[in-house]
Amino acid sequence: MEYNFKETEQKWRKFWEDNQTYKTEIDHAKPKYYVLDMFPYPSGAGLHVGHPLGYIASDIIARYKRLKGFNVLHPMGFDSFGLPAEQYAIQTGQHPAITTEENITTYIRQLKQIGFSYDWSREVRTSDAKYYKWTQWIFMQLFKHYYDKDANKALPIASLVERFAVSGNKDINAVCDEDTPNFTAEEWNGMSEQEQQTLLLKFRLTFPDDSVVNWCPALGTVLANDEIKDGVSERGGYPVEQKKMKQWAMRITAYADRLIDGLNEVDWSDALKEQQRNWIGRSTGASVKFKVDASTVQENAPEFIEVFTTRVDTIYGVSFMVIAPEHEYVPFLTTAAQKSTVDEYVKWVASRTELDRMSEVKKVTGAFTGSYVINPFNDEKVPIFLADYVLAGYGTGAVMGVPSGDQRDWNFAKYFDLPIVPILDAQKDIEEQADNTKEGKYINSGIIDGMGYKEATATLTKWLEERGIGKGKIQYRLRNAVFSRQRYWGEPVPAYFKNGSGDVSLPYLIEESELPLELPVIDKYLPTETGEPPLGRAEGWKYKGEYEYELSTMPGWAGSSWYWYRYMDAQNEQEFASQEAINYWKAVDLYLGGSEHATGHLLYSRFWNKFLKDLGLVPEEEFAKKLINQGMIQGRSNFVYRVKSSVGEGKNPVFVSFGLKEQYETTPIHVDVNIVSNDVLDLNAFKNWRSDFENAEFILEDGKYICGVEVEKMSKSKYNVVNPDVLVDKVGADTLRLYEMFLGPLEQAKPWNTNGIDGSFRFIKKVWRLFYDDLGNFKVKDETPTPAELKVLHTCIKKVEEDLERYSFNTVVSTLMICVNDLGSLKCAKKAILQELVILMSPYTPHIAEELWVLLGNEAGTISYATFPKFNASLLVEANFDYPISINGKVRANISFPTDAIPADIEAGVLANEVVQKWLEGKAPKKVIVVPKRIVNVVL
RNA sequence: GCCCAGAUGGCGGAAUUGGUAGACGCGCUGGUCUCAAACACCAGUGUCUUCACUGGCAUGCCGGUUCGACUCCGGCUCUGGGUACCA
């Protein structure tokens, strides 16, 4: 009798659902274990084979931990706000809520099909008002708090206001904007409401701020870097420019130190922690104010330009200063003679993205403003340049150029023919390249001549501080996080604006009792004619019928920055989760997801978690104790090639087939792999695929359009998604689960390839044949196992347990295969052995395990809460060990010795061996190394 | 460019702490069963040499440490992830 996986799997999935087998409650009698998957964005393409990889692994751990006696929380939900649904809405007019709902339904059906042991009663969706009510609530708390450096935590703004009223801000040690002025209590108390509120924004943990964005005038919207290809919008091919815009920001920089320090207490990979440390980029240095030479500058020019440097010791080597081309000072510093050069340069830089600017470092570009600053140490005039390698958003947007010590500065100095001054006697070949050494004694360096690095730095810093023109400073690369999106499909910001005198209007929060602030209905999902975000279209959408709401929405990461708490108490309408639930489940014990979230989601989530802890709402400083990054299942992408000259207003886009593309200048564009077959594009499907391609024209080869191919990550934006449904239908969920784990180490990236899935399928059938003979008779007997059978079983128990404890999911599959092969060879059909095997298999192949468990006479549904087999080491004891004997590190023989033989006896035995004798050629060995129960090495 | 990974047979991979490189599986080759095929089972399978035994070579490339290196160190090459509005 063949195993009927279809019927059996369906039967058990229904049983688990009907009996709520995996529903979880707080249970103080058992230790808790929280295993969490990074929840998916429910894309229109459905679940792809890359998703389950992590989910299968976490499900295996969840099932394993249940067998080990833990009370396991294992939930799933959806990060359901996001761009693709909105993009689809723009194309079709369909409300994103409808498509999102449909997509989620598909996802749930697909997930349930794979036999995951989720407690579905706890499902969350970030786009559900019952959920985003609490996202908005957390946003409000951020607005109502500031970061107090003395308390080293967030404190209420209300307490800050009280202190301002008593003693101004001179004793306040708080994280705030750079340009926050000093003020006394009298000054504070004398301020208008508007002035006070403006000042408080400099302290709040979320606040409106100017930031530079990719603005696409033709689409009237801001684009992600992702949506820009070759400087034009991927959608439509329109030009994009850099533009300053008021955006909500999150003062994540307040938590920079705690975000770095907290990494020491979590069990995450070193690679990931290193990435976060680098992202935060704490560097110790000094800030220095350079006085602007007033003789050439325009009216209203600044008195000083401040720079941050990690090498203040090189300050005597400064031969120019560079400020960012978009820096607000530029107009004031530009002389009439340089104006046309500067304007042209600024315009060119505005057309480039930040990524372009950082990537292209080989080509030096820049422009001289015509103005100078004065080096405070030697009173020399230093020319001020603009250059695109300085970004306005980093530090002060200005850097001092030291060509002898920094290669980028050196390149710049060569290009503009600026002096390259040596500053250390240890610097070598500085006419050829920069030398950033800190060794040697300073030269050409005024007050630090003859000193070493440490002394010089201290001397200079002291000198600056005494004169009030500089100080030691810790600078972070981390920037405050932009928290606004000019989009519809996201959480509305629970804020409105009033006190609008002229263009100044201030944000205020709505009342907590008015939450959730729901997304209003709009007619279409595009910006307004005046360039406002889509919410500007909502008719009569005003706070108390009077005040403008914030029209941007929250970014994708808002809802995902706290969701693990909502699972603890998903239906709670009074709080984001009850204190009882939070204090029972505490933090995530195992978190599984892709490494592409290293510096996004995982940093923002840690930030919000620390904030919630400061408020006393959650107990743990770090929300995820252990984290594993599953490697990406890579996709096979297809490309079409758009001819560049066919892009623009009123033109039909032209696409050239792969083989002919070298004859044109083209932009490669991803095309949905589902409308491509054997790399041949379905032309009609392509025209229907995206509205801007409906008039597409093609240059064909042999009457066909051949697409390009590349292996890259499988993702909705690359349109290369492969669906697991087909596989479940063909070979069953158990086989799919086994196969995905068998592919290789969880952390490693690999392209999706179904070759080899037969091996997993055969394994399932082999297991079945341990229970049934060829005639379909159930053959399991209640007999006493032999030592050989017990040895096979316990070898397996040991290895499965060890491997699961170190999350080596692929080797467990091999171990199970070896065990089943060996039991097959032994013709073992004994209940005592097979019953334990079934438990060992059950985390991987829950369906067939349930079936066999019941066939062995157990109660249905109880295998999930059975006891993991106990390993008995005494069953594996061997009398002898087979030593590999190597000569000069190469194995030449194998000799068996008693397990407890002493090295001297082994050495004697080895030297007597004829193979060894042959290699010795009568001579005595130089050395014999005996590693007990491992190896013997004879050195000639 | 910068930050972080990875590279082992025809293919996916194993080797957990420096100790037999290639477990397990796919594929392939030969055989058993069958009218035939599928399934299943048995045997072989890194490469060169050889009838065979044996031996040489071999973990991306170059060099080093060690009795011994896929594993540690230095220098490269290529591939993937991130690079702040994809999530």
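Please read these numbers as outputs of a predicted model, since none were measured by experiment. Chain identifiers are assigned alphabetically (A, B, ...) following the order of the sequence lines, protein sequences preceding nucleic acid strands; residue numbering begins at 1 within each chain.
In the interface, the side chain of A:Gln247 is paired with the base of B:C85 through a donor and an acceptor atom under 3.5 Å apart.
Neither OP1 nor OP2 of B:U83 sits under 4.0 Å from any side-chain N or O of A:Arg477. Within the 4.0 Å cut-off from OP1 or OP2 of B:G27, at least one side-chain nitrogen or oxygen of A:Arg762 is found. Checking the phosphate oxygens (OP1, OP2) of B:A14, a side-chain nitrogen or oxygen of A:Asn810 falls inside 4.0 Å. For the OP1/OP2 pair of B:G13 and a distance below 4.0 Å, the side-chain nitrogens and oxygens of A:Gln748 include at least one atom meeting the criterion. At the phosphate of B:C85, OP1 or OP2 sits under 4.0 Å from a side-chain N or O atom of A:Arg485.
The P atoms of B:A40 and B:C26 are separated by 9 Å, rounded to the nearest whole Å. When the P atom is used for both B:U59 and B:U71, the distance is 9 Å, rounded to whole Å. Comparing B:G68 with B:G10, their C1' atoms are spaced 31 Å from each other, to the whole Å. When the C1' atom is compared between B:U34 and B:C39, the two are found 11 Å apart, to the nearest whole Å. As rounded to the nearest Å, B:U65 and B:G18 have C1' atoms that lie 11 Å from one another. B:C2 and B:G9 have their C1' atoms separated by 37 Å, with the value rounded to a whole Å. Rounded to a whole angstrom, the distance from the P atom of B:U8 to that of B:U45 is 22 Å. A distance of about 13 Å separates the P atoms of B:C70 and B:C57, rounded to the whole Å.
Residues A:Trp608 and A:Tyr604 keep their aromatic ring centres 6.0 Å or farther apart. For A:Trp564 and A:Tyr591, the gap between ring centers reaches or exceeds 6.0 Å. Aromatic ring centres of A:Tyr739 and A:Phe761: separated by at least 6.0 Å. Aromatic rings from A:Phe81 and A:Tyr132 are positioned such that their centres are separated by under 6.0 Å.
Residue A:Pro745 is in sugar-phosphate contact alone, with no base atom involved, counting any heavy-atom pair closer than 4.0 Å across all strands shown. A:Ser484 comes within 4.0 angstrom of a base, heavy atoms only. Looking at heavy-atom distances under 4.0 Å, A:Glu274 makes contact with sugar-phosphate atoms alone, never a base. Here A:Trp489 lies out of heavy-atom contact (under 4.0 Å) with every strand. Residue A:Trp279 is in base contact, counting any heavy-atom pair closer than 4.0 Å across all strands shown. Using a 4.0 Å heavy-atom cutoff across all strands shown, A:Asn821 reaches sugar-phosphate atoms only and no base atom. When heavy atoms are screened at a 4.0 angstrom cut-off, A:Leu743 is found touching the sugar-phosphate backbone but no base atom. Within 4.0 Å (heavy atoms only), A:Ala271 reaches sugar-phosphate atoms of the nucleic acid but no base atom.
Under a 4.0 Å N-O distance rule, the pair A:Glu914/A:Lys918 does not qualify as a salt bridge. Between A:Arg277 and A:Glu274 there is a salt bridge, with a side-chain nitrogen of the basic residue lying less than 4.0 Å from a carboxylate oxygen of the acidic one. Ion pairing between a basic and an acidic side chain is recognised when a charged N comes within 4.0 Å of a carboxylate O; A:Lys246 and A:Asp209 show no such pairing.
The listed nucleotides are B:A87, B:G27, B:U20; the one nearest the side chain of A:Asp79 is B:A87. In the set B:C85, B:C4, B:A40, B:A40 carries the atom at the smallest distance from any side-chain atom of A:Arg769. Distance from the side chain of A:Met817 is smallest for B:C24 among the nucleotides B:G27, B:C24, B:U16. Ranking B:G13, B:U16, B:G56 by closeness to the A:Arg892 side chain, first place goes to B:G56. Closest approach to the A:Lys918 side chain among B:U54, B:A15, B:C85 is made by B:U54 (side chain taken as heavy atoms from C-beta onward). Of the candidate nucleotides B:G19, B:C86, B:U20, B:C86 has the atom lying nearest to any side-chain atom of A:Leu83.
In this structure, A:Tyr604 and A:Val891 both approach RNA chain B, and ranking their closest nucleotides by distance from the 5' end singles out A:Val891. When the nearest nucleotides of RNA chain B are assigned to A:Lys766 and A:Asn888 by heavy-atom distance, the more 5′-ward of the two goes with A:Lys766.
When the C1' atom of B:G19 is taken as reference, atom CD1 of A:Ile895 falls 16 Å away, rounded to whole Å. A:Arg737 places its CZ atom 19 Å from the C1' atom of B:G25, with the value rounded to the nearest Å. If you measure from atom CG of A:Leu603 to atom P of B:C4, you get 16 Å, rounded to the nearest angstrom. Atom-to-atom, OH of A:Tyr739 to C1' of B:G13 comes out at 11 Å; the value is rounded to the nearest Å. Note: CG (A:Leu272) to P (B:G81) measures 16 Å, nearest angstrom. For the pair A:Asn937 CG and B:C67 P, the computed distance is 10 Å after rounding to whole Å. A:Lys765 has its NZ atom 13 Å from the P atom of B:A38, to the nearest Å. Distance A:Ile935 CD1 to B:C67 P: 15 Å, rounded to the nearest Å.
Between A:Ile104 and A:Ser80, the closest heavy-atom pair is CD1-CB, 4.0 Å.
Tested against A:Phe39 for a ring-ring contact (aromatic ring centres under 6.0 Å, His included), the candidates A:Phe78, A:Tyr563, A:Tyr107 yield a single pass: A:Tyr563.
If you check B:G22 for Watson-Crick or wobble pairing at under 3.5 angstrom, you find it has no partner at all. Judged by Watson-Crick or G-U wobble contacts below 3.5 Å, the nucleotide B:G74 has B:C62 as its partner. Nucleotide B:A87 is matched to nothing when pairs are restricted to Watson-Crick or G-U wobble geometry with both distances under 3.5 angstrom. Nucleotide B:U32 has B:A40 as its partner under the Watson-Crick or G-U criteria, with both atom distances under 3.5 Å.
Under the 90° criterion around 0 for the glycosidic angle, B:G9 counts as syn.
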